[in-house]
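What follows is one structure encoded as structure tokens, with my remarks underneath.
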Amino acid sequence: MTLEQQLSVLVKSAVKALYTIEVEDSQIQWQKTRPEFEGNITLVVFPFVKLARKAPAQIATEIGEWLTANGEGLVAKFNAVQGFLNLVIDDAFWIRQLQAIDTDANYGQQPDRHQLMMVEYSSPNTNKPLHLGHVRNNLLGYSIARIQEANGWKVVKTNIVNDRGIHICKSMLAWLKYGNGETPESSGKKGDHLIGDYYVRFDKEYKTQIAELMAAGKDEETAKREAPLMLEAQEMLRKWEANDPEVRALWAKMNSWVYAGFDETYQRMGVSFDKIYYESNTYLEGKSEVEKGLASGAFYRREDGSVWADLTKDGLDEKLLLRSDGTSVYMTQDIGTAKLRFQDYPIDKMVYVVGNEQEYHFKVLSILLDRLGFPFGKELVHFSYGMVELPNGKMKSREGTVVDADDLMDKMVEDAKEISKDKVNTLQGITEEEANEIARKVGLGALKYFILKVDPRKNMLFNPAESIDFNGNTGPFIQYTYARIQSVLRKAESQWTLGSLVSLDPKELALIQRLCEYPAIVRNAGENFSPAVICNYAYDLACDFNSFYHDLSILNEPDSNKRALRLLLAKNVAKVIQSALGLLGIEVPERM
RNA sequence: GGUCCGGUAGCUCAGCUGGAUAGAGCAACAGCCUUCUAAGCUGUGGGUCUCGGGUUCGAAUCCCGACCGGAUCACCA
């Protein structure tokens, strides 16, 4: 039972004994005592004022006296300030809490729910490398999966790869025309970057053709439609759909280059998937589901042959599901993918980590899946996150303003290496490999924390001109706290046990209290799908520890009981930091 | 125009299921390394929580209305 729960039982008894009134749990409000007052936890008594018909300060005092007398030794002291009853909890309670935390190897982990959650994230197109927008998506998706695991879900991480369509044909065509057989091996380029270059090349040549056609008197619409490159790309798509062996072989070859490139990026980023779906395998399934819906009357066909869903009853529009030429659209594919997934796994909750620009899409998808008889349709969660913006606005690949994921990670690790030059190299017996490994962890930690600490719903700003900080409220700050603790633990005697009761310093107490919050923080992050909640907590914990570390000596403390307590405290702070950062996908270095 | 989301210090962000004098970091300034790692610690300055109403013991937080910014409303994905 948590402290709040224990105290709530007592408060109910107190109020009943003092005023003969019953109060609901919802009327009992606890908050952390503000630092300017003495106490650990504060009861807000305003909700009782009307019932008890007394002044707030008087009620607070009376309850405080009752709790001190009948609180089974839990409440050591109290003070009442207006309607706030500040309670000082007995040191013995806190020490017991710390010991309980210490013996719990999976502290923070919630009980198994015996339910399966599938989390879809990343979902790249195979025509260009990953950029900063994908980075936010990947980091959020991975962290959400970890957080929900900690909340007792069985989680399956999944990725739907957008591997077919006109955009893929564009880079294929450009490669055929201008590539001279260039490969990742021949060029030394990562496969996804190589393909991305040809995608850009297509766009450049296409624009030239449009300009030529317009110079010859065509209007813009016509020029865009009739440009030879576009016609060729469309022809290639038709061949792809008709299983043309040559086109399929080229497609398979070029996609394999991209996958190799993506794998490298994913691995570096530290994200992974349990099951990957490919749109080329799911879009036909989607078509057949739509046909079924057509047969059951859920959808209707227009004269031109296109298939639509009428969503006007749901307050939305009409939505296209199959084009008049019978080809599928995005929505069709998502229906097919959903069907396959629910064939493959007993999914209790489906979560899509997709940017907020697709909110409408998922609102529609939810309704459509529901109409098609999928029980999970109404329950699907669109984890919608905000855009990453640059100082001059959105990232646009065509204007060359994208921040490339690989470049960014390189830059972060380089910066970390540069910053740590004077520091890490002075560590005893450090090898170059270890120094590089530290720079990798710290650089990526800085990037991940920077992105995850922002409330996912909000758009966030990234300024490439200003490098991401390594000081202050940052990942490295928290990693550093961990490394410091490890250093102390290495130097401590191997055996230390907590002897008889010691009294706690305020800094020690604040730390224990902070550690006690962790399970509730994990639950909160899970309920709100928010890695930011974990970030804020990890930062607060690190701050509390650094303050403790500065004021109180651990190894030089002469009193062996106190020394043991501080070691126990340090050890568990490190444990929780590692756990919390783990939920964010951030690794901890043993030294830095 | 309809719908959804956001607006808090010079900048980047917490706080938002109502609670005490609104918090961090960066940037600026001033201190602290013969003592467990100074990527640290301490202090100073910096606010009309966009604006106006309302709800109540109490509003950055909830409700209504403006204003500003973003997203979306495709036979794109």
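Naming convention: chains lettered A, B, ... in sequence-line order (proteins, then strands); numbering from 1 in each chain. The figures that follow rest on heavy atoms only: side chains count, while hydrogens, waters and symmetry mates do not.
When distances are taken from the side chain of A/P47 to each of B/C36, B/G19, B/A24, the shortest belongs to B/G19. Side-chain atoms of A/V329 lie closest to B/A77 of the nucleotides B/A38, B/A20, B/A77. Closest contact between the side chain of A/H550 and the listed nucleotides B/C41, B/A38, B/A14 involves B/C41. Nearest to the side-chain atoms of A/N473 among the listed nucleotides B/G25, B/C36, B/C73 stands B/G25. You'll find that the side chain of A/Y539 is closest to B/G25, out of B/A14, B/G25, B/C41. With distances taken from any side-chain atom of A/F470 to the nucleotides B/A39, B/C73, B/C36, the minimum falls on B/A39.
Taking atom CG on A/N459 and atom P on B/C68, their separation rounds to 19 Å, with Å as the unit. Remark: P of B/U12 and CD of A/E389 are 11 Å apart, rounded to the nearest angstrom. Separating the NZ atom of A/K453 from the P atom of B/A24 is a distance of 14 Å, rounded to the nearest angstrom. Rounded to an integer number of Å, the gap from A/Y385 OH to B/U72 P is 13 Å. Rounded to whole Å, the distance from CZ on A/F48 to P on B/C57 is 17 Å.
Counting any heavy atom pair closer than 4.0 Å across all strands shown, A/V44 reaches a base atom. Note on A/Y330: a base of the nucleic acid sits closer than 4.0 angstrom, heavy atoms only. Within the 4.0 angstrom heavy-atom criterion, base atoms lie near A/F84. Counting any heavy atom pair closer than 4.0 Å across all strands shown, A/Q479 reaches no nucleic acid atom. No contact: A/L321 has no heavy atom under 4.0 Å from any strand. Residue contacts for A/D455: at a heavy-atom cut-off of 4.0 Å it reaches the sugar-phosphate backbone alone, with no base atom in range. Counting any heavy atom pair closer than 4.0 Å across all strands shown, A/A492 reaches no nucleic acid atom. Base engagement by A/Q31 is indicated by at least one non-hydrogen atom pair under 4.0 Å involving a base atom. Counting non-hydrogen atoms under 4.0 angstrom, A/E359 reaches the backbone sugars and phosphates but no base. As judged by a 4.0 angstrom heavy-atom cut-off over every strand, A/D325 is placed among residues making no nucleic acid contact. As judged by a 4.0 angstrom heavy-atom cut-off over every strand, A/K458 is placed among the base-contacting residues. Heavy atoms of A/S420 sit under 4.0 angstrom from at least one base atom. A/L461 comes within 4.0 angstrom of the backbone, heavy atoms only, and of no base. Counting any heavy atom pair closer than 4.0 Å across all strands shown, A/M460 reaches sugar-phosphate atoms only and no base atom.
Residues A/F46 and A/R302 each lie close to RNA chain B; by heavy-atom proximity, the contact nearer the 5' end of the strand is made by A/F46. A residue-by-residue look at A/L85 and A/L427 shows that A/L85 has its nearest nucleotide of RNA chain B further toward the 5' end.
Legend: residues meeting side-chain contact (heavy atoms from CB on, under 4.5 Å) with A/D317, ordered by chain and number and at least two apart, are A/Y360. Residues meeting the side-chain contact (heavy atoms from CB on, under 4.5 Å) test with A/R457, sequence neighbours left out: A/D455.
Contact of A/T481 with B/A39 (side chain to base): no donor-acceptor pair of N or O atoms is detected under 3.5 Å. The base of B/A20 sits with one of its N or O atoms less than 3.5 Å from a complementary donor or acceptor on the side chain of A/N86. Put simply, the side chain of A/E36 and the base of B/A20 share no donor and acceptor less than 3.5 Å apart.
Ring geometry for A/F462 against A/F450 counts as perpendicular: the plane angle is over 60°, on a 0 to 90° scale with 30° as the lower cut.
Between A/F477 and A/Y449, the ring centre distance reaches or exceeds 6.0 Å. You'll find the ring centres of A/F202 and A/Y199 outside the 6.0 Å limit.
Cation-pi geometry between A/R302 and A/W308 is met: under 6.0 angstrom from the ring centre, within 45 degrees of the axis.
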(message) Between A/Y352 and A/F383, is the ring-ring contact (aromatic ring centres under 6.0 Å, His included) condition met? List the steps.
(response) CA-CA 6 Å; A/Y352 295 88; A/F383 176 77; over 10 Å; no
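Going from the P atom of B/G40 to that of B/G25 covers 10 Å, rounded to whole Å. Here the separation of B/C62 from B/C16, taken at their P atoms, is 10 Å to the nearest Å. Of the C1' atoms belonging to B/A22 and B/A60, the separation is 7 Å, rounded to the nearest Å.
Using modelled atom types and a 3.5 Å distance limit, the side chains of A/Y300 and A/E318 yield a donor-acceptor pair.
Summarising the geometry of A/A309 relative to A/L321, their closest heavy-atom pair is CB-CD1, 4.0 Å, with the distance given to 0.1 Å. Between A/K507 and A/S547, the shortest heavy-atom distance links the atoms NZ-OG, 2.6 Å.
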(message) Only Watson-Crick and G-U wobble pairs with both distances less than 3.5 Å should count. Give RNA chain B in dot-bracket notation, marking inter-strand partners with |.
(response) (((((((..((((.....[...)))).(((((.......))))).....(((((..]....))))))))))))....
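Taking 4.0 angstrom as the limit, A/R457 places none of its side-chain polar atoms (N or O) nearer than this to OP1 or OP2 of B/C5.
B/C26: glycosidic angle beyond 90° from 0, hence anti.
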